[in-house]
Amino acid sequence: MSRQNVLMFLQNDADKKQKELAVRLGKQRNLLQEIEQKMQLLDNYLLQYRSQAMAAEASGILGAQALDTRNFIHQLEQVLQIQKDNVLRQQQSVAQLHAEWASARVREKGFAALAKRLEIEQHDQELRKIQKELDEWAQRRPSLK
């Protein structure tokens, strides 16, 4: 296999991996956005229940109802913490995929630069060959007369 074919294969492979990682990264970012939106809804829901509980306790709610409301708020806080942990894990996953994508992109660009350099080198060799042939022809021409 020629150097050019090897470089083209490596460049195509790197490009394919970079594009696959870009798709995965997009999906992970969308998932992160969904999880963050759900976390925001839970947080708003919790704030709403807290304010309702404080208003009810201030108006003299019965003890059993107040205890039930506090327990429910505590459960919401636990769910919200689980969601926050989930968001953190997802953010880490997005950051890792972004780093992999950036690395794959650099690799693909490197192979593209090598392929371009090889193309220029081959073009220069072709020009030198043509120039050599012209020089040889020019030297023989006076003797042909």
Side-chain angles (χ1 to χ4, degrees), residues 1-139 141:
M1 205 188 269
S2 73
R3 284 180 17 186
Q4 188 173 18
N5 288 345
V6 169
L7 276 177
M8 285 188 62
F9 172 78
L10 291 173
Q11 182 184 2
N12 289 339
D13 187 53
D15 184 54
K16 179 182 171 188
K17 286 179 183 177
Q18 182 259 340
K19 287 178 182 175
E20 288 172 358
L21 285 168
V23 169
R24 284 180 51 204
L25 179 60
K27 288 179 182 179
Q28 286 295 107
R29 283 183 174 161
N30 288 340
L31 182 59
L32 174 60
Q33 187 177 20
E34 288 176 27
I35 292 170
E36 287 174 334
Q37 288 172 348
K38 288 178 183 178
M39 184 183 73
Q40 187 61 45
L41 286 173
L42 279 172
D43 196 34
N44 292 342
Y45 195 51
L46 178 61
L47 290 174
Q48 180 183 354
Y49 259 90
R50 280 183 181 155
S51 65
Q52 287 176 1
M54 288 190 329
E57 286 179 11
S59 68
I61 191 172
L62 299 175
Q65 284 180 312
L67 186 59
D68 287 344
T69 302
R70 284 188 197 129
N71 286 337
F72 182 70
I73 289 173
H74 181 68
Q75 288 175 342
L76 274 178
E77 288 169 342
Q78 289 175 332
V79 169
L80 184 60
Q81 185 57 48
I82 290 169
Q83 193 69 11
K84 285 179 181 179
D85 293 342
N86 194 13
V87 165
L88 182 61
R89 280 191 305 276
Q90 191 63 31
Q91 287 171 337
Q92 291 169 342
S93 179
V94 165
Q96 179 184 355
L97 269 174
H98 185 268
E100 288 177 30
W101 170 79
S103 176
R105 185 165 188 223
V106 166
R107 184 179 173 134
E108 188 272 330
K109 296 289 183 195
F111 285 131
L114 284 174
K116 183 68 175 171
R117 189 179 310 154
L118 181 61
E119 180 183 322
I120 290 169
E121 185 180 300
Q122 288 174 341
H123 184 261
D124 288 348
Q125 284 177 350
E126 182 109 2
L127 288 176
R128 282 192 299 271
K129 181 182 174 188
I130 291 170
Q131 185 63 46
K132 182 181 176 186
E133 289 173 0
L134 286 173
D135 289 346
E136 289 173 359
W137 181 78
Q139 286 176 356
R141 188 165 185 260

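- Residues L41 and Q37 are not in side-chain contact: their nearest non-hydrogen atoms beyond the backbone lie 4.5 Å or more apart.
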Would V79 and Q75 count as a side-chain contact (heavy atoms from CB on, under 4.5 Å) here? Give the steps.
CA-CA 6 Å; V79 169; Q75 288 175 342; 5.6 Å; no
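- Here the side chains of Q91 and V87 are in contact, with some heavy-atom distance below 4.5 Å.
- A donor-acceptor pair shorter than 3.5 Å cannot be found between the side chains of H123 and E119.
- Each of Q92, R29, K27, R24 was compared with L97 under the side chain to side chain contact (heavy atoms under 4.5 Å, CB included) criterion, and only R24 meets it.
- In the model, Q40 has a side-chain atom that pairs as donor or acceptor with a side-chain atom of N44 under 3.5 Å.
- Atoms CG and CG, on L80 and L42 in that order, are 6.0 Å from each other to the nearest 0.5 Å.
- Between the side chains of N30 and E34, no donor-acceptor pair of N or O atoms lies under 3.5 Å.
- Here the NZ-CD1 distance, from K132 to I130, works out to 13.5 Å after rounding to the nearest 0.5 Å.
- Between E77 and R50 there is a salt bridge, since at least one side-chain N of the basic residue sits less than 4.0 Å from a carboxylate O of the acidic one.
- Side chain of Q4 to backbone of A115: no donor-acceptor contact under 3.5 angstrom is found.
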Stepwise side-chain contact (heavy atoms from CB on, under 4.5 Å) check, R117 with L114:
CA-CA 5 Å; R117 189 179 310 154; L114 284 174; 3.9 Å; yes
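- With values rounded to the nearest 0.5 angstrom, D135 atom CG is found 13.5 Å from R128 atom CZ.
- Residues L32 and E36 have side chains in contact (heavy-atom distance under 4.5 Å, counting atoms from C-beta outward).
- Formation of a donor-acceptor pair under 3.5 Å by the T69 side chain with backbone atoms of Q65 is found in this model.
- Between E108 and A14, the shortest heavy-atom distance links the atoms CA-CB, 3.7 Å.
- With sequence neighbours left out, the ring pair (Phe, Tyr, Trp, His ring centres under 6.0 Å) criterion links F72 to Y49.
- A donor-acceptor pair shorter than 3.5 Å can be found between the side chains of Q81 and D85.
- Other residues, nucleotides and ligands contribute only 12 or fewer heavy atoms inside 6.0 Å of the CD atom of E126.
- Between K84 atom NZ and N86 atom CG the span is 13.5 Å, to the nearest 0.5 Å.
- For E100, there are no salt bridge (charged side-chain N to carboxylate O under 4.0 Å, His left out) partners two or more places apart in sequence or in a different chain.
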Quick one, D15 with Q11, criterion side chain to side chain donor-acceptor pair (under 3.5 Å). Give me CA distance, side-chain angles, the key distance, then yes/no.
CA-CA 6 Å; D15 184 54; Q11 182 184 2; over 6 Å; no
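- Separating the CG atom in L118 from the CD atom in Q125 is a distance of 8.5 Å, to the nearest 0.5 Å.
- Expressed to the nearest 0.5 Å, how far CG of L76 lies from CG of L47 amounts to 10.5 Å.
- Within a 6.0 Å radius of CE in M39, more than 12 heavy atoms belonging to other residues, nucleotides or ligands are found.
- Side chain of Q18 to main chain of W101: no donor-acceptor pair is present (N/O by atom type, distance under 3.5 Å, no hydrogens or angles).
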